[in-house]
Amino acid sequence: MSVQKPIALIGAGGHAGVLLDILLQRNFTCIAVVDKAPNQTVWSGLPLICESDFLTRFSSNEVDLVLGLGSIPNSDTRKSLYMFFKKRGFQFKTLIHPFSSVSPSACLGEGAQVMAGAIVQANAVCADNVIINTCASVDHDTHVSAHSHIAPNATLCGDVKVGEHVYVGASSTLIQGVSIGHDSIIAAGAVVVNNIQPFSCVKGCPAKPGK
């Protein structure tokens with residue numbers, strides 16, 4: 001049986017706090033929190049260290065990582081951090097909140113995060129570094145590509161295809177069978193009834209391009 005590595009949490013904000021709760025509920029050992037330029041030495045009772053100190057003190061053989069930085073529209077910081085640490089050999093822990101529902105036939109990639117109340121149905125795929133946030137629903141045969149964020153209460157109906165680095169806003173709905181091009185933003189509350197081209201930003205009901 002492989003030995004469970006301790007966890008270092010990357011980021012010291014609100015999303016990191018939610019993930020720390022999951023780590024504690026899942027009985028993982030979190031030994032440090034890593035931030036770019038911390039102005040304190042302790043966060044939530046854990047040592048808070050800067051990125052350069054972390055890389056000096058810990059190797060990929062000693063710890064696994066949890067990416068505690070959430071994603072927001074028009075930002076690739078989360079994706080960049082994931083790639084930064086992957087290039088240095090680190091592995092990211094996939095986290096599933098105990099009060100979520102993930103089908104046994106679903107597939108979760110490395111570093112994927114399924115938050116409280118979220119549902120991932122049969123044969124769905126949530127790729128590397130994806131966030132399925134609080135009470136979001138990913139229905140059967142849907143594919144969410146790497147680095148995408150499905151925000152709280154968003155609903156992805158069956159057989160939806162979401163490209164890489166897409167932000168699907170809170171309480172939005174993607175009807176069955178639509179495809180969302182990479183690097184797109186679906187505004188909060190939008191209802192998507194047609195395919196969306198890459199680099200689009202859509203809003204409204206039905207969703208149309210908008211700023």
Side-chain angles (χ1 to χ4, degrees), residues 2-98 100 102 107-116 118 120 126-134 136 144-152 162 164-168 170 182-183 185:
S2 62
V3 177
Q4 185 71 53
K5 295 180 189 175
I7 301 295
L9 182 59
I10 309 299
H15 189 67
V18 177
L19 293 171
L20 180 57
D21 280 349
I22 299 176
L23 288 170
L24 295 174
Q25 290 178 71
R26 291 296 193 185
N27 295 316
F28 288 107
T29 300
C30 188
I31 59 172
V33 180
V34 183
D35 204 31
K36 201 76 172 178
N39 56 12
Q40 57 195 60
T41 58
V42 176
W43 181 84
S44 292
L46 294 168
L48 180 60
I49 59 178
C50 70
E51 191 176 277
S52 57
D53 284 350
F54 170 74
L55 292 172
T56 300
R57 292 168 55 183
F58 297 97
S59 76
S60 59
N61 293 324
E62 298 173 293
V63 297
D64 284 334
L65 304 182
V66 166
L67 186 45
L69 185 74
S71 64
I72 58 175
N74 295 315
S75 172
D76 65 355
T77 304
R78 179 180 168 86
K79 177 181 177 180
S80 296
L81 275 172
Y82 181 88
M83 300 306 296
F84 174 85
F85 285 103
K86 285 298 296 179
K87 288 178 181 177
R88 286 154 180 80
F90 288 93
Q91 298 294 310
F92 284 84
K93 180 64 66 176
T94 299
L95 286 186
I96 303 172
H97 194 284
S100 63
V102 178
C107 179
L108 302 181
E110 181 181 346
Q113 299 168 356
V114 181
M115 313 304 271
V120 181
C126 300
D128 297 346
N129 198 34
V130 159
I131 301 173
I132 309 300
N133 221 321
T134 309
V144 181
S145 298
H147 315 296
S148 290
H149 183 171
I150 311 304
V162 176
E164 186 170 310
H165 195 226
V166 168
Y167 185 88
V168 178
H182 61 85
D183 295 281
I185 298 170

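On a predicted model such as this, the values are computed, not experimentally measured, just so you know.
Panel note: side chain Ser100, backbone Ala118; no donor-acceptor pair is recorded below 3.5 Å. A donor-acceptor contact shorter than 3.5 Å links the side chain of Thr94 to the backbone of Gly111.
Residues meeting the ring pair (Phe, Tyr, Trp, His ring centres under 6.0 Å) test with His165, sequence neighbours left out: none. With sequence neighbours left out, the side-chain hydrogen bond (donor to acceptor under 3.5 Å, both in side chains) criterion links Ser75 to Thr77. Among residues two or more places apart in sequence or in another chain, the side-chain contact (heavy atoms from CB on, under 4.5 Å) test is passed with Lys5 by Asp64. Applying the side-chain hydrogen bond (donor to acceptor under 3.5 Å, both in side chains) test to Gln25 and every residue at least two apart in sequence or in another chain returns nothing. Among residues two or more places apart in sequence or in another chain, the ring pair (Phe, Tyr, Trp, His ring centres under 6.0 Å) test is passed with His97 by Phe99. In this view, Phe54 and Phe58, Phe90 satisfy the ring pair (Phe, Tyr, Trp, His ring centres under 6.0 Å) rule, not counting sequence neighbours. Checked against side-chain hydrogen bond (donor to acceptor under 3.5 Å, both in side chains), Ser59 has the following partners two or more places apart in sequence or in another chain: Glu62. Under the rule for a side-chain hydrogen bond (donor to acceptor under 3.5 Å, both in side chains), the partners of Ser71 that lie at least two apart in sequence or sit in another chain are His149.
Here the CD1 atom belonging to Ile10 is positioned 10.0 Å from the CG atom belonging to Leu69, to the nearest 0.5 angstrom. Distance check, rounded to the nearest 0.5 Å: CG of Leu9 to CD1 of Ile31 gives 11.5 Å.
Met115 is listed as a side-chain neighbour of His15, based on a closest heavy-atom distance under 4.5 Å. At a threshold of 4.5 Å between non-hydrogen side-chain atoms, the residues Gln113 and Val66 count as touching. Counting heavy atoms from C-beta outward, Ser145 and Val162 have side chains that stay 4.5 Å or more apart. Considering only heavy atoms from C-beta on, Phe85 comes within 4.5 Å of Leu55 through its side chain. Looking only at side-chain heavy atoms (C-beta outward), Phe92 and Leu67 come within less than 4.5 Å of each other. Using a 4.5 Å heavy-atom threshold, the side chains of Val114 and Cys126 count as separate. Here the side chains of Gln91 and Ser60 are not in contact, with every heavy-atom distance at 4.5 Å or above.
Within the structure, salt bridge (charged side-chain N to carboxylate O under 4.0 Å, His left out) pairs that include any residue of residues 72-86 comprise Lys79-Glu164, Lys86-Glu110 (at least two apart or interchain). For residues 38-56, the set of pairs meeting the salt bridge (charged side-chain N to carboxylate O under 4.0 Å, His left out) definition, not counting sequence neighbours, comprises Lys36-Glu51.
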Sequence neighbours excluded and cut-off under 3.5 Å, please list the side-chain donor-acceptor pairs for residues 40-48, or say none.
unit_1	atom_1	unit_2	atom_2	d
Gln40	NE2	Val42	O	2.7
Trp43	NE1	Ala12	O	3.3

